[in-house]
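Take a look at the structure set out below.
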Amino acid sequence: MTVALERPAQTQSSQSAAYANGTGSFAIEAGGMGVYYGNFCAVRDVDMRVPTNKITAIIGPSGCGKSTVLRCFNRMNDLINSARIEGEVLFQGQNIYDDSVDPVEVRRRIGMVFQKANPFPKTIYENVAWGTRINGFRGDMDEMVEKALRSAALWDEVKDKLQQSALGLSGGQQQRLCIARAIAVEPEIILMDEPASALDPIATLRIEDLMKELSEKYTIIVVTHNMQQAARISDFTAFFSVDEYRTGNLIEFDETEKIFTNPSQKSTEDYITGRFG
Amino acid sequence: MALDQRQTATQPAGGLMPSGPAYREQVVTRQRRGRRWAIIFQAAMLSGIIALCALLFNILNQSFGYVAIINNIDPAELAIDGVPLDELTKDQLVGILEANVSAGLMRRYEHDMPFAQRTSENVHELILERVVEPQVQATWGLFESVFARGSVFAEAEERFPGSDVYFRSWLTTSFISKSQSSEPLRAGVRTAIFGSLWVVAITILFSFPIGVGAAIYLEEYAHKERLINRLIQTNINNLAGVPSIIYGMLGLAIFVRILEVFTSGAFLGIGDQSTANGRTIISAGLTLGLLILPLIIINGQEAIRAVPNSLRQAGFGLGATHWQVIWHHVLPSAMPGILTGTILAISRAIGETAPLVVVGASTFIALDPSGPFSKFTVLPIQIYQWTSRPQDEFRNLAAAAILVLLVLLLTMNASAVLLRNHFDRGQANA
Amino acid sequence: MGPKSRVSACKKETGRWQKAGEEAARNWELLTANRGESLGLRPATQTFAGLPAEVTKEQGEIMTQSAPVAEAAISAESMRGPVAGAESTGETVLGGGPKYDLRRRPRVAESLIQGFLFLCGAISILTTLGIVYVLGRESLLFFANEEVNLLKFFGGTEWQPAISRFGIWPLVTATLMASLIAMAVALPMGLCIAIYLSEYAGQRTRSVLKPILEVLAGIPTVVYGYFALTFMTPFLRGILGRDIVEIYNTASAGIVIGILVIPLVSSMSEDALSAVPGSLRQASYGLGATRLETAVRIVLPAALSGVAAAFIVAISRAIGETMIVAIAAGAGPNFTFSPFRAAETMTGHIVRISGGDLSYDSIDYNSIFAIGLLLFLMTLSLNILSQWIVRRFREEYE
Ligand SMILES: Nc1ncnc2c1ncn2[C@@H]1O[C@H](COP(=O)(O)OP(=O)(O)O)[C@@H](O)[C@H]1O
Ligand SMILES: [Mg+2]
């Protein structure tokens, strides 16, 4: 608590003031969130309210806990045995870390796209269909697959080879397939961990365009190490940094324009302008 | 050592290290030593291969070769009007049989199966068994038979005058299709093959699901810090090193004795209640199942561990439950590895002998096993028993049975290797 | 933003959240009604819907006890707004009026499956317990006989069940002798093969030779037994003379056991050697060492723990080996130190006795379990020792 006070409250609440008191709503609200891997505190005291149907970028130096924070938002950290989470993360007002909450249910509502495309070693069709099937979808599967692939701007490229292995697609296509797979189960939020970092610039551009389109219907939180990318696509930006114990914390969270033009923190400015470290 | 001496002996002025001609000489010595040892290492490898060759040669050598046989009645004498025995009709054969054996024996044959129903091959066999009565006098190995034919015939002539010497393959189709017999010329491994198949079937049914289940538990569910899970893991590693004969004793005490009601089939009222005991196929199968369980688990764990984590994350990220992720993604990806390991474990089970001797394989059964509650014998047991007989001809039978066993194992191992290669190629494409 | 405005912001927030909470409560009623569940299940939702503002404040204070000034505490809370509000209910499940029911549902199938899988793992423990129970119980029965006691068992040099002599030594010496001969064959050969494969052979050669060793490892032991009796024994008798070498003898059994465990030694040692980082080899070559010097003085010491573990596992395997000795070493315990005479090992004895007509609870029956227990303890301690060596010295080169 005292630590939280030392940090100027202004920076975060200005975002709240600018947004929250208006008509906007929040998709994810993290309060006092911290993550430990064993005894190592990877992230500490994150208070962050992510607006609905916007793209929020998380930037920061490597190792500052961006992926860790992202994983907290849909309980993927549960899968790491040593990980322990404190504080709370509210999704539609429910603390997803409450004992009564089912992580499986959470992940169905809050989808995830990973740094390296990880299609299942199945057909393209099956990759999209599988998630919906296990979640009890009983409708017209062909239609559903087509819809998801169209939303991921992949349909035209794969419509003739739906029954081929997804592993035969290019890296960019695989990543869009992973996005299609994620939106097929109709989540509220899509978490993306450096989704374009393994792709060439053209494939990256397509992913970025896709994210813009998707943000009309979904809340997107994207981790990126590429500041231009954050500036290009996001509405809000959260800047994380590490302290002397290598523990990550949220330095500044505001509208992207403000972060990149007029950051209120010195360290943010240093990082943005490349004077970091 | 030599290196040190030389260093002190040839120290040039100024530097401490040897140089010049002295150094060159030293290098030459060192490299000579290196070459010598390289040859030794190669020789070790070579002798390993030689040992394998000797083993295979020995078995082939014993499986084929000349035999000296003396017949009670020469088959040629039984020929009717110049038609040899093999080509006679069934009625003629029955006639020969009637003329040469007692009426009582004929009645017994008639009782076992009426002659009207018997095939002519069957009657022919009875004639060989009861009338011709061939007796093996001596056997020779393949090597001698091929390279020292002359001396084989000379020896046979001298020691067994009047004997019939011919080249015999102990491994024949009838060796595989006939059941056990105390007559080496008519013995076969059919019962043993069926026994092996039955036992292995039980072993697979028991150990595959349990082994894979345990592997999944240990890799996917178990928290490594929990004492119970560490205990299970250490325990499995240790069980893999327990001598197989100890499993036999476990099987004897638990399956054969304590669980006799179940393993003898008595609880189902199957079989002859007066003679039924726990020394049955199911006891043997379960014993071998316990024996290979650690192997299957350890292999399965490796295969599951090799499944990339990204696949699991992808599944979880879509809101799949843990079991859905395992069943739909982890297991299919790990299956080739699991199957390879399982096949290797099963080929171990097929070759196991000691535990089954202890569990109580039957020494002599001529009837095919009829189910899990039958008495049993298996191929390795058969080999063991024939090997333990002092007569040469049983050694030949054992060698032929070994060939059958090795072919069986080779097919299994080859399929495991193919599976693994196929899997590796699949990975490379991915 | 001063402290005051923050407080008002907080109130505004709380109001919004309360409204949402009421809505949520209605949703909940609908939901539970649909499912036919009792409303009493979730009383907290009801409380929240009508939550007075004081509770929020009270809760806020409780939460920030550590903060020195109350006002400061409130301002900290206001940053988190909704979080505090939700917390104050104590039950956050429906606090924000969610569209979705995220509650943990009982997944019976999942739990059943997990339970079943755990049982699968636990069977291994049961196996061990079974082994210990069976061997222990029967051994106790054996030592309960008046003709037997521990002293005679471990002190006697005669094993003649027919005349109630139960001294374990003839069996142990035969076992040790066969194992010793086996190790004399397998250790040097296995190590040389491992060094050859790991340090000398090229990729192609290795890919041809390793399967050959695997074949050698895959041959059933009964076949090795046959080999010992029909090849190795005549071979030894041919070389050393028929008078010296008996038809059944520990030497040929031991040599063949050695051949049997060569693949084990070589593959485990090779794994250890190959695991030594290439940088060490390069460093050694860089100093002008020959291939032999690199292999024997750098790589081998670096892999020593793995090689030692391989040796110990091989010994344990040789001691437990059964069929080779049962076929080739002879029947009938014989207290001798000559490797060319017939002698029965522990395993060989167990197989011979249990292969005959054995009546339960006879002293013969019990005696083989006592031998089995000793065998089990010997091999187990060797295996544990090898695991310990691997664990203890592993970090060194990682
Ligand atoms: N599974 C893990 N176990 C232990 N430490 C981890 C694990 N994952 C990440 N960390 C540590 O947590 C910190 C933050 O990691 P991460 O969230 O991956 O950073 P980023 O994505 O910003 O590069 C790093 O110091 C990293 O070493
Ligand atoms: Mg990262």
Side-chain angles (χ1 to χ4, degrees), chain B residues 30-31 33-34 37-38 40-42 44-45 47-49 51-52 54-55 58 62 210 213-214 216-218 221 231-232 235-239 241-246 249-250 252-254 257 290 293-294 297 321-323 347 351 353-354 357-358 380 383-384 387-388 395 398 402 405 409 413, chain C residues 107 110 113-114 116-118 120-125 127-128 130-131 134-135 138 189 192-193 195-196 200 209 212-213 215-216 218-223 225-227 229-231 259 262 290-292 313 316 320 322-323 327 347 350-351 354-355 360 368-369 372 375-376 379-380 383-384 387:
Chain B
R30 281 166 59 203
Q31 281 184 334
R33 193 182 324 137
W37 275 96
I40 292 178
F41 294 147
Q42 257 163 342
M45 187 67 235
S47 27
I49 297 173
L52 180 64
L55 194 147
N58 180 45
Q62 303 266 9
I210 293 187
I216 294 173
Y217 173 75
L218 287 170
Y221 287 98
L231 200 69
I232 292 179
N235 185 50
I236 286 168
N237 294 342
N238 279 321
L239 276 182
V242 170
S244 57
I245 194 166
I246 302 280
M249 305 181 82
L250 178 72
L252 173 64
I254 304 280
R257 273 195 76 183
L290 286 184
L293 198 53
I297 297 177
T321 63
H322 202 162
W323 179 247
S347 46
T353 320
V357 176
V358 179
I383 294 167
Y384 172 50
T387 307
S388 316
R395 302 272 163 84
I402 287 175
L405 180 63
L409 291 179
N413 281 314
Chain C
R107 297 189 192 273
E110 291 272 324
I113 288 169
Q114 190 174 350
F116 169 74
L117 296 176
F118 172 77
C120 291
I123 282 193
S124 75
I125 303 252
T127 309
T128 308
I131 290 175
V134 165
L135 296 180
E138 302 292 340
M189 292 270 294
C192 284
I193 289 175
I195 292 178
Y196 174 72
Y200 285 81
L209 293 181
I212 293 184
L213 288 175
V215 170
L216 211 50
I219 292 176
T221 57
V222 69
V223 179
Y226 182 86
F227 179 64
L229 187 67
T230 61
F231 184 90
I259 295 174
I262 283 176
T290 63
R291 191 184 277 263
L292 175 71
V313 168
S316 150
T322 308
M323 288 326 288
I327 291 174
T347 51
I350 297 175
V351 161
S354 57
Y360 302 146
I368 61 170
F369 284 87
L375 183 69
F376 178 67
T379 51
L380 183 67
N383 288 337
I384 290 177
Q387 283 167 25

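A, B, ... follow the sequence lines: proteins, then strands. Residue 1 opens every chain. This is a predicted model, so every value here is computed, not measured.
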Subject >> Heavy-atom contact with chain C under 4.5 Å, split by part of B:Leu52 >> reply: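 For B:Leu52, the contact with chain C is made by backbone and side chain together.
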Reported [atom1]-to-[atom2] distance for the pair [X] and [Y], which is rounded to 0.5 angstrom:
X        : Y        : atom1 : atom2 : value
B:Thr387 : C:Ile327 : OG1   : CD1   : 5.0 Å
C:Glu138 : B:Arg257 : CD    : CZ    : 6.0 Å
C:Tyr200 : B:Met45  : OH    : CE    : 15.5 Å
B:Leu231 : C:Ile125 : CG    : CD1   : 4.0 Å
B:Ile232 : C:Ser124 : CD1   : OG    : 5.5 Å
B:Ile216 : C:Gln114 : CD1   : CD    : 11.5 Å

Original post:
Will you find, in the side chains of C:Glu110 and B:Thr321, an N or O donor that is under 3.5 Å from an N or O acceptor?
Top reply: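 Present: a donor and an acceptor within the cut-off.
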Original post:
Are C:Thr230 and B:Asn58 close enough that a side-chain donor and a side-chain acceptor fall under 3.5 Å?
Top reply: yes
Heavy-atom pair of closest approach, residues [X] and [Y]:
X        : Y        : answer
C:Ser354 : B:Val358 : OG-CG2, 3.4 Å
B:Ser47  : C:Met189 : OG-CE, 3.4 Å
C:Cys120 : B:Ala214 : CB-N, 3.4 Å
B:Arg30  : C:Thr290 : NH2-N, 3.8 Å

Please flag which part of [X] lies under 4.5 Å from any non-hydrogen atom of chain B: side chain, backbone, both or neither.
X        : answer
C:Ile131 : both
C:Leu292 : side chain
C:Ile259 : side chain
C:Ile368 : both
C:Thr347 : both
C:Ile113 : side chain

Subject >> C:Thr379/B:Val242 under side-chain contact (heavy atoms from CB on, under 4.5 Å): CA gap, chis, key distance, verdict >> reply: CA-CA 7 Å; C:Thr379 51; B:Val242 170; 5.7 Å; no
Subject >> NZ or CZ of B:Arg395 within 45° of C:Tyr226 ring axis and under 6.0 Å >> reply: no
Subject >> N/O donor-acceptor pair under 3.5 Å between B:Tyr217 side chain and C:Phe116 backbone >> reply: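 Flag not set: sc B:Tyr217 to bb C:Phe116 has no pair under 3.5 Å.
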Original post:
Does atom CH2 of B:Trp323 have more than 12 heavy-atom neighbours, drawn from other residues, nucleotides or ligands, at distances under 6.0 Å?
Top reply: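 Result for CH2/B:Trp323: enclosed.
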I'd like to check [X] versus [Y] (side-chain heavy atoms, cut-off strictly below 4.5 Å). Are they in contact?
X        : Y        : value
C:Phe369 : B:Leu252 : yes
B:Ile49  : C:Leu213 : no
B:Asn238 : C:Gln387 : yes
B:Leu218 : C:Phe118 : no

Original post:
In terms of heavy-atom pairs under 4.5 Å, which option from B:Gly351, B:Ser244, B:Pro243 contacts chain C the most?
Top reply: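 Of the options given, most contacts go to B:Pro243.
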Original post:
Among B:Leu290, B:Ile383, B:Leu239, which has the most heavy-atom pairs under 4.5 Å with chain C?
Top reply: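 Top count of heavy-atom pairs under 4.5 Å with chain C: B:Leu239.
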**OP:** Have a look at C:Ile219 and tell me which of B:Ile402, B:Leu405, B:Leu55, B:Leu409 forms a side chain to side chain contact (heavy atoms under 4.5 Å, CB included) with it.
**Re:** B:Leu55
**OP:** Select, from C:Leu135, C:Leu380, C:Leu209, the one with the greatest count of heavy-atom pairs under 4.5 Å involving chain B.
**Re:**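 Of C:Leu135, C:Leu380, C:Leu209, C:Leu209 has the most heavy-atom pairs under 4.5 Å with chain B.
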Original post:
So which of C:Leu375, C:Thr221, C:Ile262, C:Val215 has the biggest tally of heavy-atom pairs under 4.5 Å with chain B?
Top reply: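 When all of C:Leu375, C:Thr221, C:Ile262, C:Val215 are compared, C:Leu375 has the most.
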**OP:** List the steps and the verdict of side-chain contact (heavy atoms from CB on, under 4.5 Å) for B:Phe41 and C:Ile193.
**Re:** CA-CA 6 Å; B:Phe41 294 147; C:Ile193 289 175; over 6 Å; no
